[in-house]
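Numbered from 1 within each chain, the chains take letters A, B, ... in sequence-line order. Atom set for the values below is all heavy atoms of this structure, side chains included, hydrogens, waters and symmetry mates excluded.
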Amino acid sequence: MTEKKAREFTTVSSWPIKPLYASEDLKNFDPKRDLGEPGEYPFTRGPYKTMYQGKLWTMRQFAGFGTPEDTNRRFKYLLDHGMMGLSTAFDMPTLMGFDADHHLARGEVGIEGVNVSSLADMEVLFDGIPLEKITTSMTINAPAIVLMAMYVAVGEKKGIPPEKLGGTIQADILKEFIAQKEWISPPEPSVRILMDMVEWCAKHMPKWNSISISGYHIREAGATAVQELAFTLRDGIEYIEEGIRRGMDVDQFAPRLSFFFDVHNDFFEEIAKFRAARRLWAKTMRERFHAKDPKSWMLRTHAQTAGVSLTAQQPYNNVIRTTIQALAAVLGGTQSLHTNSLDETLALPTEEAVRIALRTQQIIAYESGVPSSIDPMGGSYFVETLTHEMEVAAADYIRRIDEMGGMLKAIERGFPQHEITESAYRYQKQVELKEKIIVGVNDYKMEAEEPIEILKISHEVEKQQVKRLREVKEKRDRKKIEHALNDLKKAAGTYENLMPYVLNAVREYATVGEICDVFREMFGIYRDPGEF
Amino acid sequence: MDRKLRILVAKPGLDGHDRGAKIIARALRDAGFEVIYTGLHQTPEMIVSAALQEDVDVVSVSILSGAHNYLFPEVIKQLKAKGLTDVTVIGGGTIPEEDIPGLKKAGVQAIFTPGADTRDVVDWIKKNVKPRKF
């Protein structure tokens, strides 16, 4: 390594860092205005008064692979080991709104998440799980309205009404066009479908978070911390505007919006990001949207350690990376956390790997003492300066997107996509030029490494899922299905809320693919512009 | 002087992870190759038809979804079916070490896994690929 050479120090996402921060950096810092008390505007110190003293964050490992039976077993295994809430990963065909027997699903069924084609799969997935007691998160976006309806239907079958169901559905469709790229129809009708679901949830599911506005994928696609912060909050602003446009009162739905951020390696940058996010959102909601309910001002978030930071080389090092990231999330004041498993850069995690990941959170929670005091970084010259700088930089991005006419317009122009691609490429170059060191990859390498045990998913899964789908289709009342899908189609041509129609269709076991085909027919199919 | 090599960067399957594909596409373009990027969610048929239309020398396939054991052989099978036997196929993505011998046997000539340096990809192409004759 080069020693003592005058070089510029920057965070992992290229934010410039001074060698020392001191009182003059906080000249304009007013603790009363900029920090406030925990649980009070502007929420820099956390959304709740007592924070982890009152309630630890929810340890919520993202899980899903193979058949619904496989994932149901994994859910129960994690709950047995102390996990506090479920988080469901769906496979690519489900995310794209295709059934297990679609030709585009070949080779992908159950590989990167659990496959769900109809309510029959959803019933198995949540079999024996007390939905009235455990909160569930579902990472599903383009077909979110369908999976949401299925979850409600599973509740109905268990005798649990929607108002008793607690949890989160990701449903952040704007972020799909920006980064995650699992879409069905073009952005505008996609937002309409999503907002129909949000509106329905606001009326019928008081304990449900109807959008988890997600920076995670934006960051994983290569964004810097500031870009992640800015684009995520600007997506949130777009949803608020959409809600208001359809006549909803902001305080009626804003308290049920939650957030989801990535936690990368740069410890202080990440802590600052969470603090800046809460402050900026609080100001936006109060000043820009004149929300009156303090719950509308309050940014609550789930966090996941950075998948993209994990290395295939020397995979045990990933446990250490994840620990540092998890610590940053806790110091940043997250409400819920997923810690990645050491093998996730190669495949979905084995039981052992996911147990270690969960234990990482438990050790932080119960052994480290870190959660004992609220916002222990508050007042640090460095962290307060960084929090302020990130807030200012993100607000500037938000202003630029406002000037473009909002996020839908910015996406059509390819603005956030382009910014992210630029950052990803710059980071790659920094790594290749060894301006950024990744232990085990561009420094401290090992010649021969023993491969680790990874989870393998049999292609039998595809056969089993196709078989169940065929059985379900044979048992259904074909007339009722046709009616339900026709009614949905008609409603799609009007401004009616689609959620009740989707709910009717899934109750009759209409499949994810059949319902999404209605969307494809009525709203068109979005194609990747393929720019790089 | 030989003409510039033409490379199709292709993203088959349903996953939306295009960070790697886009980085490779840029690095190859910066290295002086002509690069065509398919965009996401391509079927093997779509990729082969793009390769045919664009007269490419190399097809560089990026897969992170775990469906590589199905998608790579399918792309190669269909390239052959169209008579494109002299197109070099390389690949990258999240591909477990133990799957690599099988993929090479299926005809993938080089595989770059997570942590690969874009300069190694460029060097490999310069060393191993000659422009196709038309």
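For B/Asp99, no part lies near chain A; criterion is any non-hydrogen pair under 4.5 Å. For chain B, no part of A/Arg527 is nearby; none of its heavy atoms comes within less than 4.5 Å. For chain B, the nearby part of A/Val308 is the side chain; its heavy atoms alone come within less than 4.5 Å. Heavy atoms of A/Leu104 lying under 4.5 Å from chain B belong to its backbone as well as its side chain. Both the backbone and the side chain of A/Pro93 come within less than 4.5 Å of a heavy atom of chain B. For A/Glu176, no part lies under 4.5 angstrom from a heavy atom of chain B. Proximity to chain B (any heavy atom under 4.5 Å) is shown, for A/Lys445, by neither the backbone nor the side chain. Neither the backbone nor the side chain of B/Gln42 comes within less than 4.5 Å of any heavy atom in chain A. Using a 4.5 Å cut-off between heavy atoms, A/Glu432 touches chain B through backbone and side chain atoms alike.
Proximity of a side-chain donor or acceptor of A/Asp528 to a complementary backbone N or O of B/Leu40 within less than 3.5 Å is detected. Remark: side-chain polar atoms of A/Gln313 are paired, donor with acceptor, to backbone N or O of B/Pro114 under 3.5 angstrom. The closest donor-acceptor contact from the side chain of B/Arg19 to the backbone of A/Ala424 lies at 3.5 Å or more, if one exists at all. Of the possible polar contacts, one joining the B/His41 side chain to the A/Lys181 backbone as a donor-acceptor pair under 3.5 Å is found.
Side chains of B/Ile23 and A/Tyr427 form no contact here, defined as non-hydrogen atoms less than 4.5 Å apart. Using a 4.5 Å cut-off on side-chain heavy atoms (C-beta onward), A/Leu346 and B/Glu97 make no contact. Looking at heavy atoms from C-beta onward, B/Asp18 lies out of side-chain contact with A/Phe532 at the 4.5 angstrom threshold. Residues A/Tyr425 and B/Thr118 form no side-chain contact, since every pair of their non-hydrogen atoms from C-beta on lies 4.5 Å or further apart. A/His217 places none of its side-chain heavy atoms less than 4.5 Å from the side chain of B/His17.
Counting all heavy atoms, side chain and backbone alike, B/Leu71 lies closest to A/Glu108 at CD1-OE2, 4.2 Å.
Atoms OG1 and CZ, from B/Thr43 and A/Arg106 in turn, are 12.5 Å apart once rounded to the nearest 0.5 Å.
Of the candidates A/Met96, A/Gln180, A/Met92, B/Asp15 forms a side chain to side chain contact (heavy atoms under 4.5 Å, CB included) with just one, namely A/Met92.
Classification of B/Lys22 and A/Glu422 as a salt-bridged pair fails, no side-chain N sitting under 4.0 Å from a carboxylate O.
When B/Ala116, B/Ser65, B/Gly13 are compared by the number of non-hydrogen pairs under 4.5 Å with chain A, B/Ser65 comes out ahead.
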